[in-house]
Protein chains: 2
Amino acid sequence: MGKGKQTNQPSLTDLAKLLGLSVSGVSRALNNDPRISQATKKRVQALAQQLNYQPNHLAAGLRRGKSKLLGVIVPFIDGRFFAVVIKGIELAASRAGFSVIICQSNEDVAHERQNIETLLSAQVEGILVSISRTTHDFAHFEKVQQRGIPLVFFDRILVGTRVNAVVLDDYAGGFLATQHLIEQGCQRIGHFAGPQQLGIYAHRRQGYLDALRKHGLPLAEEFIVYCDPIALDTGKQAMQKLLQLPERPDAIFSASDAAAVGALQLLEEQQLRVPQDVALVGFSNEMFTSLTKPLITSVDQCCEQMGQAAVRLFLQLGQEPKSQAPQHVVLQPELCIRASSLRNT
Amino acid sequence: MGKGKQTNQPSLTDLAKLLGLSVSGVSRALNNDPRISQATKKRVQALAQQLNYQPNHLAAGLRRGKSKLLGVIVPFIDGRFFAVVIKGIELAASRAGFSVIICQSNEDVAHERQNIETLLSAQVEGILVSISRTTHDFAHFEKVQQRGIPLVFFDRILVGTRVNAVVLDDYAGGFLATQHLIEQGCQRIGHFAGPQQLGIYAHRRQGYLDALRKHGLPLAEEFIVYCDPIALDTGKQAMQKLLQLPERPDAIFSASDAAAVGALQLLEEQQLRVPQDVALVGFSNEMFTSLTKPLITSVDQCCEQMGQAAVRLFLQLGQEPKSQAPQHVVLQPELCIRASSLRNT
DNA sequence: CTGAAAGCGCTAACAA
DNA sequence: TTGTTAGCGCTTTCAG
């Protein structure tokens with residue numbers, strides 16, 4: 001009863017009344033405007049503290065057209081890679097005063113379109129996105145660009161589009177891994193490849209091929225097995241297939257860690273030693289590569305750096321004159337060498 | 001040149017002018033208000049579509065005092081548990097029309113306090129939080145309650161406080177796991193316990209003890225090893241310790257999966273068979289429990305359900321008369337039985 | 001150094 | 001069925 005407001009969140013107006021000042025004065029004091037006397041600043045800040053005043057970002061955002069919100073769209077959030085990238089994003093964003101709104105597309109374009117709507121409605125100042133597996137057209141992203149909202153793709157990008165992006169140099173990763181195996185004395189190196197329509201897997205394969213070529217090793221198509229990079233079993237099957245060749249490989253570069261683990265299991269079953277008989281390198285540096293026996297050498301994707309780089313690019317886009325050429329940031333992967341590829345020769 | 005606005009995002013006012021209607025009319029048409037003619041609704045929606053109109057949630061939120069934003073604070077986001085919980089949160093929240101703002105406390109109270117400020121400023125309608133390891137007082141949460149903003153704790157809660165919470169029944173998990181081992185014929189069951197000041201680990205241990213008691217097995221304090229639940233090595237050390245007992249255990253219930261893997265590695269080194277010589281059960285159902293050899297039986301924490309339950313509780317709190325007794329939702333864990341504990345007798 | 005006033009885009013009485 | 005009006009909380013000219 002009475003005219004009390006239901007939320008007891010004090011507003012600028014409330015402060016102003018209590019202090020016998022104008023709202024604008026209070027606003028300026030709180031924003032540390034240079035042309036306000038120290039005396040009143042103190043007064044204002046004291047009361048604000050006491051009443052537990054919280055600025056209303058919605059209102060401020062509405063007024064000045066800046067929400068201080070940053071949108072992120074990922075295919076899914078569980079799974080190490082995206083989780084760590086998001087960690088990096090959140091870190092860098094909050095340092096710059098932005099809050100992060102997370103959306104999952106669940107690998108579904110329709111959902112992704114919906115996410116874009118949501119984020120635009122929320123008036124985000126930028127969108128960082130890693131596209132879903134079912135995304136093949138650019139239409140829903142064009143809306144974002146038309147609004148003049150900075151758009152940064154990371155990791156998974158749409159091929160054949162000129163966009164701002166942060167990606168890993170998957171080619172270098174494949175090259176590095178393969179070269180390492182060669183340096184360990186391996187001669188017949190097989191490859192577990194992922195779906196080639198996805199750039200990342202195509203690049204890893206190309207790096208593998210070029211490393212072989214550079215070192216004068218033969219390129220044999222039957223040494224490449226295409227398999228589902230997620231499932232463990234396909235690694236087993238792929239290994240099985242390669243073991244049946246007249247001359248079996250003495251090393252495998254797998255485009256995924258899961259497949260590498262599968263291979264490891266099969267090799268163990270077949271009484272083959274890793275790395276002496278077959279050396280193994282995976283990709284992604286998943287946590288479980290440090291839990292197998294032997295530990296699996298793997299290409300690290302610098303996930304957290306990727307998140308931070310994406311935010312940096314976004315911030316930079318916001319400051320630049322306007323729509324200049326799309327930027328590409330390419331991160332260099334690192335090879336984490338472990339027992340599965342170390343031949344102590 | 002010209003009076004053009006810099007963002008070409010059309011507003012309700014723009015639509016109204018173009019249509020020769022009033023803003024409120026357009027607003028109602030878009031919100032599908034029953035007292036607007038179908039004819040004009042069509043007209044309005046058509047133009048909105050064509051101009052790619054996006055409602056401005058900031059403005060709407062400001063006006064009606066509802067931001068449709070939900071805040072989440074977690075200690076960190078990488079690591080399966082929180083990632084999956086957040087997946088559940090995002091799913092349930094977006095279904096209810098809420099966007100989710102994620103913050104990380106990095107296990108630091110100071111940071112957590114900062115997160116609260118951020119979320120309050122963003123005018124979230126509720127906060128879901130899993131407290132940091134360094135959080136011991138409730139002060140910064142009281143501010144939230146005073147504002148009348150629903151607050152739901154999940155997984156990690158402050159002991160001795162009456163708050164809304166969603167937790168896992170860790171006791172039941174410990175009981176279940178131990179009972180399963182007993183049913184497999186194990187008689188001397190050891191336990192790797194986590195730090196007992198954390199409720200979750202204390203409860204798991206108690207479940208273990210009560211299961212032993214119920215089945216008339218002896219309770220021996222030397223069968224319990226206290227170790228760091230994160231590190232792999234401590235599992236090895238703990239196992240080592242138990243193997244040196246005059247009568248070595250024939251099973252281990254580990255309060256963490258990582259320690260269980262450590263134990264597995266040591267047992268293999270010692271040429272002991274799992275589960276024939278020593279059976280093994282872990283806790284958390286981490287992904288890598290399906291990658292070891294043998295696969296490790298583990299207690300699943302229903303992470304995604306926990307996220308959804310937290311959102312449900314939040315929604316429910318928003319509707320209820322007001323400040324009633326704090327609600328507690330207790331989720332029942334499930335035992336995922338795998339080879340490490342299955343004695344084929 | 002401070003105040004008055006306008007308005008960001010939208011919703012919700014109250015009128016018509 | 002539609003229009004008018006006021007105002008959410010804040011920033012920001014423009015005047016003092």
Side-chain angles (χ1 to χ4, degrees), chain A residues 3-44 48 51-69 120-125 147, chain B residues 3-45 48 51-69 97 120-125 147:
Chain A
K3 57 215 166 141
K5 311 160 45 181
Q6 75 255 41
T7 77
N8 46 7
Q9 190 178 23
S11 68
L12 274 194
T13 326
D14 297 335
L15 292 196
K17 279 196 187 115
L18 254 13
L19 289 161
L21 284 177
S22 71
V23 252
S24 43
V26 179
S27 169
R28 285 194 273 251
L30 256 20
N31 291 333
N32 208 8
D33 190 302
R35 37 186 222 173
I36 286 282
S37 76
Q38 288 303 327
T40 43
K41 267 188 196 168
K42 286 268 176 286
R43 276 208 319 139
V44 173
L51 293 196
N52 232 309
Y53 167 77
Q54 293 289 145
N56 182 329
H57 259 96
L58 290 199
L62 178 59
R63 177 58 233 255
R64 51 154 68 118
K66 261 130 185 5
S67 64
K68 282 296 181 183
L69 255 28
L120 287 179
S121 282
Q123 306 296 115
V124 296
E125 291 185 47
R147 289 262 157 69
Chain B
K3 63 236 160 126
K5 311 158 49 179
Q6 74 256 40
T7 77
N8 45 9
Q9 192 177 20
S11 69
L12 274 195
T13 326
D14 298 334
L15 291 196
K17 278 195 188 116
L18 253 13
L19 289 162
L21 285 177
S22 73
V23 252
S24 46
V26 179
S27 169
R28 286 194 273 252
L30 256 21
N31 290 333
N32 208 9
D33 190 303
R35 35 184 225 177
I36 285 282
S37 75
Q38 287 303 327
T40 42
K41 267 187 196 167
K42 286 268 176 287
R43 276 207 318 142
V44 172
Q45 276 154 5
L51 293 196
N52 231 311
Y53 168 78
Q54 293 289 145
N56 183 329
H57 259 96
L58 291 200
L62 177 59
R63 177 57 233 255
R64 51 153 67 118
K66 261 131 186 5
S67 64
K68 282 296 179 181
L69 254 31
L120 287 179
S121 281
Q123 305 296 114
V124 295
E125 290 183 48
R147 290 262 157 70

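Computed over heavy atoms, backbone and side chain alike; hydrogens, waters and symmetry mates excluded. Chain A is the first sequence line, chain B the second, and so forth, proteins listed ahead of strands; every chain is numbered from 1. Just so it is clear, the structure is predicted and the values come from calculations on it, not from any experiment.
Distance check: A/L69 CG to A/H57 NE2 gives 9.0 Å after rounding to the nearest 0.5 Å.
A/L51 is linked by a side-chain contact (heavy atoms from CB on, under 4.5 Å) to A/P10, A/L15, A/L18, A/L47, counting only residues two or more places apart in sequence or in another chain. The side-chain contact (heavy atoms from CB on, under 4.5 Å) check on B/N52 picks up A/K143, A/R147, B/Q54, with sequence neighbours excluded. A search for side-chain contact (heavy atoms from CB on, under 4.5 Å) contacts involving B/L12 returns B/V23, B/V26, B/S27, B/L30, B/Y53, not counting sequence neighbours.
At whole-Å resolution of the value, CG in A/L51 and C1' in D/dG9 are 16 Å apart. Straight-line distance from the CG atom of A/N31 to the P atom of D/dG9: 17 Å, rounded to whole Å. Following rounding to the nearest Å, A/Q123 (CD) and C/dC10 (P) show an atom-to-atom distance of 8 Å. Spacing between atom CG of A/N56 and atom P of C/dC8 amounts to 18 Å, rounded to whole angstrom units. Rounded to an integer number of Å, the gap from A/R64 CZ to C/dG9 C1' is 17 Å.
Applying the salt bridge (charged side-chain N to carboxylate O under 4.0 Å, His left out) test to every pair with at least one member in residues 21-40 of chain B, sequence neighbours left out, gives these pairs: B/D33-B/R35.
Interface residues of residues 36-44 of chain A facing DNA chain C, ordered by number: A/I36, A/S37, A/T40; criterion, heavy-atom separation under 4.0 Å.
Not one side-chain nitrogen or oxygen of A/Y53 sits closer than 4.0 Å to the OP1 or OP2 atom of D/dG9.
Considering only the side chain of B/R35, D/dT2 comes nearest among C/dC8, D/dT2, C/dC10.
Toward the 5' end of DNA chain D, the nearer of the two residues A/L58 and B/V26, judged by each one's closest nucleotide, is B/V26.
When all heavy atoms of B/S22 and B/A16 are compared, the pair lying nearest together is C-CB, 3.9 Å. Taking both residues in full, the closest heavy atoms of B/K41 and B/N32 are given as NZ-OD1, 3.0 Å, listed atom of the first, atom of the second, then distance. Residues B/L58 and A/S67 approach most closely at CD1-CB, 3.9 Å, considering heavy atoms. In plain terms, the two heavy atoms of B/A59 and A/L62 that are nearest each other are CB-CD1, 3.8 Å.
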Check nucleotides 4-7 of chain C for protein N or O atoms closer than 3.5 Å to its own N or O atoms and list the pairs.
{"unit_1": "C/dA4", "atom_1": "N6", "unit_2": "A/S24", "atom_2": "OG", "d": "3.2"}
{"unit_1": "C/dG7", "atom_1": "N2", "unit_2": "A/R63", "atom_2": "NH1", "d": "3.3"}

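Within the nucleic acid shown, B/L21 comes within 4.0 Å of sugar-phosphate atoms alone, with no base atom in reach, counting heavy atoms only.
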